[in-house]
Amino acid sequence: MNNPRRYPLSWSLIRNFTERFQWQDPTDGSLREGFNPPRNAIGKQRKPYDICFVTKDGRVDRGRCVTLTVRPQKHQRMVKFVGSDEIRLVYDYLIVSVDDTYFRTH
């Protein structure tokens, strides 16, 4: 059985997991991934990820989504679930795991 990776909670680390893009490099045509695509990138699109988070009601919710917008001053992000096209607001400090990487909040 594999052990999940564990990290202390860091807003910049969550950004590395949730705000990734995928694009084709215009110079050599290779497929690239990162969170700062160049302006002249071809086929730029957000990369979906699996998320598990606690809602404000205290329920644990999970799904596959992409980040639409981020409000860093309030530590929240607007996500769109891939299967249902539902748009939800997720608070960074309530995120439990992203792509099977667990975050500690204390």
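The figures that follow rest on heavy atoms only: side chains count, while hydrogens, waters and symmetry mates do not. Please read all numbers here as calculations on a predicted model, not as lab measurements.
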Chemist: Can you name the salt bridge (Lys or Arg N to Asp or Glu O under 4.0 Å) partners of D28, sequence neighbours left out?
Modeler: R32
Chemist: Can you tell me how far the CG atom of D92 sits from the CG atom of L13, to the nearest 0.5 Å?
Modeler: 11.0 Å
Chemist: List the residues meeting salt bridge (Lys or Arg N to Asp or Glu O under 4.0 Å) with K47, not counting sequence neighbours, and say none if there are none.
Modeler: E33
Chemist: Kindly determine whether V60 and V96 satisfy side chain to side chain contact (heavy atoms under 4.5 Å, CB included), including the steps that lead there.
Modeler: CA-CA 9 Å; V60 175; V96 176; 5.5 Å; no
Chemist: Of all residues at least two apart in sequence or in a different chain, which pass the side chain to side chain contact (heavy atoms under 4.5 Å, CB included) check with D85?
Modeler: K80
Chemist: Quick one: pull up CZ in F81 and CD1 in I51 and give me the separation to the nearest 0.5 Å.
Modeler: 7.0 Å
Chemist: With side chains defined as the heavy atoms from C-beta onward, is the minimum distance between F17 and I95 less than 4.5 Å?
Modeler: no
Chemist: List for me each residue that meets side chain to side chain donor-acceptor pair (under 3.5 Å) alongside Q22, sequence neighbours excluded, and say none if there are none.
Modeler: none
Chemist: Between Q24 and G29, what is the shortest heavy-atom contact and its length?
Modeler: NE2-O, 3.2 Å
Chemist: Nearest heavy-atom pair of A41 and P26: which atoms, and what distance?
Modeler: CA-CD, 4.3 Å
Chemist: If I take atom CZ from residue R46 and atom CH2 from residue W23, how far apart are they, to the nearest 0.5 angstrom?
Modeler: 12.0 Å
Chemist: Mind checking what makes side chain to side chain contact (heavy atoms under 4.5 Å, CB included) contact with N36, not counting sequence neighbours?
Modeler: R15
Chemist: Applying salt bridge (Lys or Arg N to Asp or Glu O under 4.0 Å) as the test, list every pair that has at least one member in residues 62-74; sequence neighbours left out.
Modeler: D50-R64
Chemist: Could I get the full list of side chain to side chain donor-acceptor pair (under 3.5 Å) partners for T67, not counting sequence neighbours?
Modeler: Y49
Chemist: Could you pull out the closest heavy-atom pair between V66 and P48, with the gap in Å?
Modeler: CG1-CA, 3.5 Å
Chemist: Roughly how far, to the nearest 0.5 Å, is the CD atom of E19 from the CZ atom of F35?
Modeler: 8.0 Å
Chemist: Check the pair D99 / R20 against side chain to side chain contact (heavy atoms under 4.5 Å, CB included), numbers first and verdict last.
Modeler: CA-CA 12 Å; D99 286 335; R20 289 182 290 182; 2.8 Å; yes
Chemist: I'd like to check the ring pair (Phe, Tyr, Trp, His ring centres under 6.0 Å) partners of F21; sequence neighbours left out, ordered by chain and number.
Modeler: none
Chemist: What residues, two or more places apart in sequence or in another chain, satisfy salt bridge (Lys or Arg N to Asp or Glu O under 4.0 Å) together with R88?
Modeler: D61, E86
Chemist: Linking Ile, Leu, Val, Met, Phe, Trp and Tyr through side-chain heavy atoms less than 4.5 Å apart, which residues share a cluster with V70?
Modeler: none
Chemist: In chain order, what residues pass the side chain to side chain contact (heavy atoms under 4.5 Å, CB included) check against K56, with sequence neighbours excluded?
Modeler: Y91
Chemist: Do L94 and L89 sit in one hydrophobic cluster, given that two such residues count as connected whenever their side-chain heavy atoms are within less than 4.5 Å of each other, even indirectly?
Modeler: yes
